[in-house]
Undergrad: 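One structure is given below, represented as structure tokens, and several questions about it will come after.
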Protein chains: 2
Amino acid sequence: MNLHPTAQKFIVHWGEMGTRWGINRSVAQIHALLYLSPEPLAADEIVETLAIARSNVSTGLRELQTWGLVRATQVLGDRRDRFSTATDVWELFRVILRERKRRELDPTLAVLRECVAEAKAAPAPALPHLDKRLGAMLEYMELADSWGERAARLEPAKLRRLAKLGDSIFKLAE
Amino acid sequence: MNLHPTAQKFIVHWGEMGTRWGINRSVAQIHALLYLSPEPLAADEIVETLAIARSNVSTGLRELQTWGLVRATQVLGDRRDRFSTATDVWELFRVILRERKRRELDPTLAVLRECVAEAKAAPAPALPHLDKRLGAMLEYMELADSWGERAARLEPAKLRRLAKLGDSIFKLAE
DNA sequence: CTATAACTTCTGAAGATACAGAAATAATGA
DNA sequence: TCATTATTTCTGTATCTTCAGAAGTTATAG
């Protein structure tokens, strides 16, 4: 599959951004390609288009599927799986938010809660500082958690409207 | 400097989370240590506490300084620099937001704008799809940019109040 | 049942990153 | 100026990550 230069530019950049966020470059590129593709793609088409090994496409697709970002679909009369991703950016946002929350924020909250409990329970004298700092961080993380929780629940259209509304409200606060 | 087990737990976890976000483990640990420390620390104290090489502490501190997350201060009668970080979580949030926006969102916006312009200007017939997808992504990123811009400007206390207010509003939208 | 196609997992090599210790530089005080 | 201390930069090694190709597995058609 030959790629329009503009699509290529986007895909390359997306891959680069991915690496900055702990996402494998190939994985991010596959996702970008699927995002731009008018119809679902077979693994081999991805191999050809991005010029990466079949095995990596397989692994990458699997990872994207565990993230919930990519779905496999079938076409009648063809054994091969076709892969696609959501094209609604707000849906994408929601899925990524949910997963990152689950993988990163939730464990952090757990650790913080333990830490705060320990700092409070300790009979030691020198902990008020620790307690205070950890408590502030916990409060912040809990608020972030609440935002994430709520945002992940909203359907894309509502999310978009709310984001635009929030932007206006923000404006007033300035 | 000996570290309370609770502090240790937090620092280790913070380092681990850092790696997931493209932040070097040592750098994240140094930051966590400074966040918990009641007073600014000298580089050697960090070396001793985290058991990492002096050179890495030097590099890590420099990186944190270029992020604007750490400041060097002086103590009368001591040649050594002391390092500290903001203890207000909302200030931290703001600084990190500003930097990530500058380093990641801004370049992405630039690329996206170019891509959209190219897709629109192209005389080719097969681009409406590309135009649509890229346009949707651009719109999303521009909204994110606006949020980032506004949030980075607000002072911490206002930011915190707004975040709490937003949380309540969010609740209503559910 | 066999051949083939689609897909996944394994393995080793290449590349990138992290990091300790050494060497070099800069700053301070005698 | 020289000696000492603080700090940064350099360099090689260890570790982690990425990735292609091979080997293995599963599914399908004939």
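Here the structure is a predicted model, which means the values were calculated and not measured. A note on names: the letters A, B, ... follow the listed sequences, proteins ahead of strands, and every chain is numbered from 1.
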Undergrad: Rounding to an integer number of Å, can you tell me how far B:Leu41 CG sits from D:dT7 P?
TA: 13 Å
Undergrad: Measure from the side-chain heavy atoms of B:Arg80 and tell me the nearest of D:dT7, C:dC7, D:dT9.
TA: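 The answer is D:dT7, which lies nearest to the side chain.
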Undergrad: Using whole Å, what does the distance between atom P of nucleotide D:dG21 and atom CG of A:Asn56 come to?
TA: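 Result: 10 Å.
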Undergrad: Would you say the side chains of A:Ser146 and B:Asp167 form a donor-acceptor pair under 3.5 Å?
TA: yes
Undergrad: Should B:Arg94 and B:Glu99 count as an ion pair when the cut-off is N to O under 4.0 Å?
TA: no
Undergrad: Output the rounded distance in Å from CD (A:Glu16) to C1' (D:dT18).
TA: 14 Å
Undergrad: State whether A:Glu39 and A:Arg82 are salt-bridged, where the test is any N-O pair (Lys NZ or Arg NE/NH1/NH2 against Asp/Glu carboxylate O) under 4.0 Å.
TA: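 Looking at A:Glu39 and A:Arg82, the cut-off is not met.
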Undergrad: Closer than 4.0 Å, any side-chain N/O of A:Ser55 to the OP1 or OP2 of D:dG21?
TA: no
Undergrad: Quick check: is A:Met17 connected to B:Tyr140 through a chain of hydrophobic side chains (ILVMFWY, heavy atoms under 4.5 Å apart)?
TA: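 Cluster IDs for B:Tyr140 and A:Met17 differ.
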Undergrad: Given D:dA20, C:dC7, D:dT9, identify the nucleotide with an atom nearest to the side chain of B:Arg62.
TA: D:dT9
Undergrad: Just call it for B:Asp44: base, sugar-phosphate, or nothing, with non-hydrogen atoms closer than 4.0 Å on any strand.
TA: nothing
Undergrad: Does the distance from a Lys or Arg side-chain N to an Asp or Glu carboxylate O, for B:Arg80 and B:Glu45, drop under 4.0 Å?
TA: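 Result for this pair is no, no salt bridge flagged.
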Undergrad: Distance from B:Ser26 atom OG to B:Leu33 atom CG, nearest 0.5 Å?
TA: 12.0 Å
Undergrad: Within this structure, what is the CD-to-P distance between A:Glu63 and C:dT9, rounded to whole angstrom?
TA: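 Answer to the nearest Å: 13 Å.
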Undergrad: To the nearest Å, give me how far apart CG (A:Asp81) and P (C:dA5) are.
TA: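 Answer to the nearest Å: 17 Å.
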Undergrad: Is there a residue in residues 22-37 of chain A whose heavy atoms reach under 4.0 Å of DNA chain C, and which residues are they?
TA: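 Output list: empty, so none.
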Undergrad: Taking the nucleotide of DNA chain D with the nearest heavy atom to each, does A:Arg54 or A:Arg79 sit closer to the 5' end?
TA: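 It is A:Arg54 whose nearest nucleotide is closer to the 5' end.
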Undergrad: Measure CG/B:Leu50 against C1'/C:dC19 and give the value in whole Å, please.
TA: 14 Å
Undergrad: Atom CD1 of B:Ile46 and atom P of D:dA6: how far apart are they, to the nearest Å?
TA: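 Going from B:Ile46 (CD1) to D:dA6 (P), I get 15 Å.
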Undergrad: Could you tell me whether the side chains of B:Trp90 and B:Glu155 share a donor-acceptor contact shorter than 3.5 Å?
TA: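 Note: B:Trp90 and B:Glu155 side chains miss the donor-acceptor criterion.
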